[in-house]
Amino acid sequence: EDVGDIAKLREKEKGDWKKLTTAEKKELYRASFCQTLTEVEAPTGEWKSILGLTLVGISLGIWGYLWMKAWVYGELPDTITNEAKQKAQIERMIAMRANPIEGLTSNYDYEQGKWKE
């Protein structure tokens with residue numbers, strides 16, 4: 001609802017627009033639309049908060065990973081870290097002919113007794 005100066009301008013608006021000054025036309029426009037197109041399209045700075053929250057989320061994920069690595073997961077088993085045990089496991093898989101079609105031993109030539117080139 002218009003009050004004061006705007007109400008007077010609305011009455012004047014009903015008449016000849018040539019009698020309105022440029023300032024009055026701008027005031028009427030402002031009263032009707034509140035913002036110009038330039039003001040509507042102006043950057044709001046919202047990207048800063050989005051970027052900030054994204055970085056906070058990434059940071060929390062990294063800290064969570066580090067915490068899990070330090071307190072939740074134990075040491076890797078000896079069968080993974082000890083090369084002698086790994087070699088023995090592979091030799092055992094070859095001897096058992098384990099998974100010869102698609103597995104690790106599919107790259108082993110049983111007739112020549114060596115790995116395929």
Side-chain angles (χ1 to χ4, degrees):
E1 218 173 274
D2 297 327
V3 292
D5 293 338
I6 299 298
K8 292 176 187 173
L9 282 174
R10 292 273 184 218
E11 288 300 318
K12 199 173 178 183
E13 175 185 29
K14 293 176 184 175
D16 188 12
W17 273 64
K18 292 179 183 175
K19 293 180 182 176
L20 290 174
T21 66
T22 306
E24 290 173 335
K25 289 177 186 175
K26 286 182 181 179
E27 274 188 63
L28 282 169
Y29 180 85
R30 238 344 148 174
S32 297
F33 299 108
C34 297
Q35 287 184 323
T36 63
L37 184 61
T38 306
E39 291 171 343
V40 169
E41 292 177 347
T44 60
E46 183 183 12
W47 68 272
K48 294 174 190 174
S49 61
I50 292 170
L51 179 65
L53 289 174
T54 302
L55 292 175
V56 165
I58 291 170
S59 175
L60 287 174
I62 290 171
W63 280 109
Y65 168 75
L66 292 174
W67 179 81
M68 297 271 285
K69 189 169 169 101
W71 297 101
V72 176
Y73 300 123
E75 293 294 319
L76 290 175
D78 198 31
T79 54
I80 293 176
T81 57
N82 189 343
E83 285 188 34
K85 284 193 177 186
Q86 279 185 332
K87 188 175 180 184
Q89 280 182 333
I90 292 171
E91 288 174 3
R92 176 80 174 136
M93 289 173 72
I94 291 170
M96 290 176 29
R97 293 183 180 250
N99 215 357
I101 307 283
E102 295 179 350
L104 177 71
T105 58
S106 66
N107 296 322
Y108 189 76
D109 188 352
Y110 288 99
E111 293 174 359
Q112 295 182 5
K114 62 181 182 178
W115 291 99
K116 296 177 184 177
E117 300 282 330

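- Around the NZ atom of Lys8, the shell of radius 6.0 Å holds no more than 12 heavy atoms that belong to other residues, nucleotides or ligands.
- Within 6.0 Å of atom CG in Asn82, more than 12 heavy atoms from other residues, nucleotides or ligands are found, so the atom counts as buried in its surroundings.
- Linking ILVMFWY residues whenever their side-chain heavy atoms come closer than 4.5 Å, directly or via other members, places Met93 and Tyr110 in the same cluster.
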Would you check, one step at a time, whether the test salt bridge (Lys or Arg N to Asp or Glu O under 4.0 Å) holds for Glu39 with Arg30? CA-CA 12 Å; Glu39 291 171 343; Arg30 238 344 148 174; 2.8 Å; yes
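- Shown here for Ser106 and Ile101, the closest heavy-atom pair between the two residues is CB-O, 3.3 Å.
- Scanning both residues, Trp115 and Leu104, for their nearest heavy atoms gives CZ3-O, 3.7 Å.
- Note that the CG atom of Leu37 and the CD atom of Gln35 stand 10.0 Å from one another [nearest 0.5 Å].
- Remark: side-chain polar atoms of Tyr108 are not paired, donor with acceptor, to backbone N or O of Lys116 under 3.5 angstrom.
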Let me have the donor-acceptor pairs involving side chains of residues 56-77, under 3.5 Å, with sequence neighbours excluded, atom names and distances please.
none

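- Within the 3.5 Å criterion, the main-chain N or O of Ile94 finds no donor-acceptor partner in the side chain of Thr105.
- Atom NZ of Lys26 and atom OG1 of Thr36 lie 10.5 Å apart (nearest 0.5 Å).
- Scanning for side-chain hydrogen bond (donor to acceptor under 3.5 Å, both in side chains) contacts around Lys85 gives Asp78, with sequence neighbours left out.
- Scanning all heavy atoms of the two residues, the minimum distance from Trp17 to Lys25 falls at O-CE, 3.5 Å.
- Atoms NZ and CG, from Lys14 and Leu9 in turn, are 12.5 Å apart once rounded to the nearest 0.5 Å.
- Ion pairing between Glu13 and Arg10 holds under the 4.0 Å rule for side-chain N and carboxylate O.
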